[in-house]
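Only one structure is covered here, and it is reproduced in the block below.
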Amino acid sequence: MTNEWIDLRSDTVTQPGAAMRDAMASAPVGDDVYGDDPTVNRLQQHAAELFGYEAALFAPSGTQTNLIALLAHCGRGDEYLVGQEAHTFRYEGGGAAVLGSIQPQPIANQPDGSLALADIAAQIKPRDIHFARTKLLALENTIGGRVLPREYVAQATTLAHERGLATHLDGARICNAAVKQGIALRDAVAGFDSVSVCLSKGLGAPVGSVLCGSRELIEEGKRWRKMLGGGMRQAGIIAAAGLYALQHNVQRLAEDHDNAAFLAAELAKIPGLTVSTPQTNIFYVDVPAEHCAPLAKALADECIRVSMGPKLRLVTHLNVNRAQLRKVADAFARYFA
Ligand SMILES: *Cc1c(COP(=O)(O)O)cnc(C)c1O
């Protein structure tokens, strides 16, 4: 650890450990725009096999792999169905609209994070010159730390396919969902024509995401990646970290889930605090507005960082342990005492 901060803002804050750095330092590399980087190729092949797809593509960020997928599935004047709370709708700068002339059709998320099947069906437009062409259903799993039920995913993707839509999963944290459900990664993404997976969240790599899909989709995606500025050269240096993360850091996500459950249970003991029950590594605490600023300061004084707001978000990851979370729980208790 490079500092003593206990950082619960996100699972993106992790530091690569010694073994991961060794893998990076010794990775054979080449020019990946020519397809010459053996480590990038290994990562892509490994990810494709792990998630059960023909091919995969390494890119600098999850925003870019999601955008590449949207651009590969949809053309100008097409639309994708997406949750109001989804990253691909809310948190990616409107990239699909700005760069792809693709219209999002947002749908209200249910309390469990899903999109109601009836709402999906109702938003699929008939072929008519008045409407954008509905091409794609985009789901997210986990969404706000919630795991979509397997039966729901099967029903939603079947509905989409029956109506002629393609399916994309923003699986930034799909490994958390699979570990929580105790299922193989390939089973967690069943029903999706493409999936984007973040290597730089709970898996602990410093940079990068992979997009998995059919050979044809990934070939198309490679074109978009270059256009978006995501064609990288000796990228094996960072791909090695992603490969290490997929090989070593998936099953250990269960520890993060246990740690989130521990901290949530401790915070729930504090009178007046409403704490959500974590399903994976993310949960929320309702903080009365007048407490936000002073609580943030009290926590910062104890070297604790959180995403403060009336819906305070707490995220566990591989760089926080139980003893540190004990300190966090005590700091909250002291503040509210
Ligand atoms: C983090 C995240 C992404 C991608 O984010 P980048 O910071 O661009 O890698 C996409 N979807 C979800 C749900 C995320 O949490």
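Note that ligands are numbered from 1 as they come in the structure, with each ligand's atoms numbered from 1 the same way. We're numbering straight along the sequence, starting at 1.
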Exercise. Considering only NZ, NE, NH1 and NH2 on the basic side and carboxylate oxygens on the acidic side, decide whether Arg334 and Asp330 come within less than 4.0 Å.
Key: no

Item to check | Residues, nucleotides or ligands: over 12 heavy atoms within 6.0 Å of Arg223 CZ | outcome: no

Hits for salt bridge (Lys or Arg N to Asp or Glu O under 4.0 Å) against Lys180, two or more places apart or cross-chain, chain-then-number order -> none

Within the 4.0 Å heavy-atom cut-off around ligand 1, the contacting residues, ordered by chain and number, are Ser61, Gly62, Thr63, Asn66, His87, Glu92, Glu140, Asp170, Ala172, Arg173, Cys198, Lys201

Practice task
Check the pair Phe192 / Phe51 against side-chain contact (heavy atoms from CB on, under 4.5 Å), numbers first and verdict last.
Solution key: CA-CA 10 Å; Phe192 291 101; Phe51 290 96; over 6 Å; no

_With no hydrogens and no angle check, just 3.5 Å: does a side-chain donor-acceptor pair link Glu54 and Ser214?_
no

*asked:* Looking at His317, is its backbone amide N or carbonyl O close enough to the side chain of Asn281 to form a donor-acceptor pair, meaning the two atoms are under 3.5 Å apart?
replied: no

